[in-house]
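Quick notes on the structure that follows.
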Amino acid sequence: MGGSEYPARQRLGRAFFARPTLEVAPDLVGCYLVLRGRRRLVVRLVEVEAYLGVGLDPASHAQSGRTARNGQMFETPGTLYVYVSYGMHHCLNVVCERRGMAGAVLLRAAEPIEGEGSMRRRRGRGGLELSNGPGKLAQALGLDLRHDGADLVRGVLGVWPGPPPARIAVSTRVGITKAVGLPHRFYDPESGFVSRARTSALGTL
DNA sequence: CCATAGATTGACT
DNA sequence: GTCAATCTATGGA
């Protein structure tokens with residue numbers, strides 16, 4: 001045990017992320033996101049959304065090709081894509097697909113597992129408000145544009161396998177106005193930290 | 001150049 | 001329930 005493992009097995013490697021975004025997304029639900037800093041922060045991912053590549057997904061930042069903002073979506077799988085939402089919040093995405101092909105999974109909500117005090121200090125509030133939304137999660141972890149491009153396979157931030165949820169619910173994505181019907185949101189229906197808990201699931205995996 | 005929408009949140013009626 | 005905050009990207013004049 002040398003601090004590179006949480007809780008016991010190895011972190012997810014490049015091959016996990018270098019797959020179609022719609023395969024990676026549901027597999028991330030139940031995984032641990034671990035940040036090694038002054039303190040170790042650990043959260044359990046409970047809600048994610050898939051965003052596809054050029055010409056494949058009108059709601060995706062990559063829909064119309066590469067720009068200054070979305071460049072990381074086209075880069076190495078297993079890296080972090082961070083963007084600023086509504087000019088003030090940060091959102092975290094895990095880059096998928098092979099290099100050159102855009103695709104990313106938005107991390108929408110997670111349960112605090114370790115370092116909750118640190119997260120509460122950053123958020124200025126606690127309970128569900130700690131991390132039950134994409135902007136809240138990024139703020140709780142102290143992640144922003146400086147972390148755009150961070151390597152999840154080798155860096156201080158990583159993803160570890162966790163006990164798989166009993167069920168994974170599928171629904172349409174939250175807060176978009178294009179491609180509203182696509183079933184690209186995946187979450188653990190048993191978690192109270194899921195945002196927009198009232199939205200009804202289309203089914204379960 | 002100007003207008004507007006947006007993968008959101010928090011404060012307020 | 002409504003709405004403002006605040007910045008990027010995009011589309012039209």
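Every chain is numbered from 1 and lettered A, B, ... according to where its sequence line falls, protein lines coming before strand lines.
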Tell me, please, whether [Y] has [X] positioned over its six-membered ring: NZ or CZ under 6.0 Å from the ring centre and within 45 degrees of its axis?
X: A/R173; Y: A/Y51; result: yes
X: A/R14; Y: A/F17; result: no
X: A/R19; Y: A/F16; result: yes

Starting at the 5' end of DNA chain B and moving along, which residue's nearest nucleotide shows up first, A/K178 or A/G133?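 First, find each residue's nearest nucleotide; the 5'-ward one identifies A/K178.
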
Closest nucleotide of DNA chain B for A/E129 versus for A/A104: which of these residues is on the 5' side?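 Counting from the 5' end, the first nearest nucleotide belongs to A/A104.
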
Contiguous pairing runs of three or more, Watson-Crick or G-U under 3.5 Å, that involve DNA chain C: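 Listed by first number, the stems are B:1-6 with C:7-12, B:8-12 with C:1-5.
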
Check A/R66 with A/E75, please: is the shortest side-chain N to carboxylate O separation under 4.0 Å?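 A salt bridge links A/E75 with A/R66.
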
Under 4.0 Å between a Lys/Arg side-chain N and an Asp/Glu carboxylate O for A/R167 and A/E190?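 Salt bridge: yes.
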
Under 4.0 angstrom, heavy atoms only, what part of the nucleic acid is A/L106 near: base, sugar-phosphate, or nothing?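 Base, at least one base atom sits under 4.0 Å.
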
Indicate, with a heavy-atom threshold strictly under 4.0 Å, whether A/R123 touches base, sugar-phosphate, or nothing.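 Counting heavy atoms under 4.0 Å across all strands, the contact made by A/R123 is with sugar-phosphate only.
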
Rounded distance in Å - [atom1] ([X]) to [atom2] ([N]):
X: A/N93; N: B/dA7; atom1: CG; atom2: C1'; answer: 8 Å
X: A/R173; N: B/dT8; atom1: CZ; atom2: C1'; answer: 16 Å
X: A/F186; N: B/dA7; atom1: CZ; atom2: C1'; answer: 15 Å
X: A/Q63; N: B/dA5; atom1: CD; atom2: P; answer: 19 Å
X: A/L92; N: B/dT9; atom1: CG; atom2: P; answer: 11 Å
X: A/K136; N: B/dT9; atom1: NZ; atom2: P; answer: 6 Å
X: A/R196; N: B/dT8; atom1: CZ; atom2: C1'; answer: 8 Å

Using the C1' atom in both, what is the distance from C/dG1 to B/dA7, to the nearest Å?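 The answer is 23 Å between these two C1' atoms.
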
Could you work out the separation of C/dC3 and B/dA5 based on their P atoms and round it to a whole Å?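 Pairwise P distance, C/dC3 against B/dA5, rounds to 15 Å.
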
A/R185-A/S171 side chain donor-acceptor pair, cut-off 3.5 Å: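 A/R185 vs A/S171: donor-acceptor pair found between side chains.
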
Does a donor on one side chain sit under 3.5 Å from an acceptor on the other, for A/R123 and A/Q139?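 Result is yes, a qualifying pair exists.
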
Verify the stacking flag for A/Y51 against B/dA7: centroid separation must be under 5.5 angstrom and the ring planes must differ by under 30 degrees.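 Whether judged by distance or by angle, A/Y51 passes, so it stacks on the base of B/dA7.
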
Mind checking the CZ-CG spacing from A/F186 to A/L28? Nearest 0.5 Å is all I need.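 The CZ atom of A/F186 sits 10.5 Å away from the CG atom of A/L28.
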
Which residues satisfy the side chain to side chain contact (heavy atoms under 4.5 Å, CB included) test with A/P164, sequence neighbours excluded?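 By the side chain to side chain contact (heavy atoms under 4.5 Å, CB included) rule, A/P164 matches no residue at all.
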
So if I define the base as every atom that isn't primed, P, OP1 or OP2, how would nucleotides 5-13 of chain C read as a B/S/- string at a heavy-atom cutoff under 4.0 Å? BBBSSS---

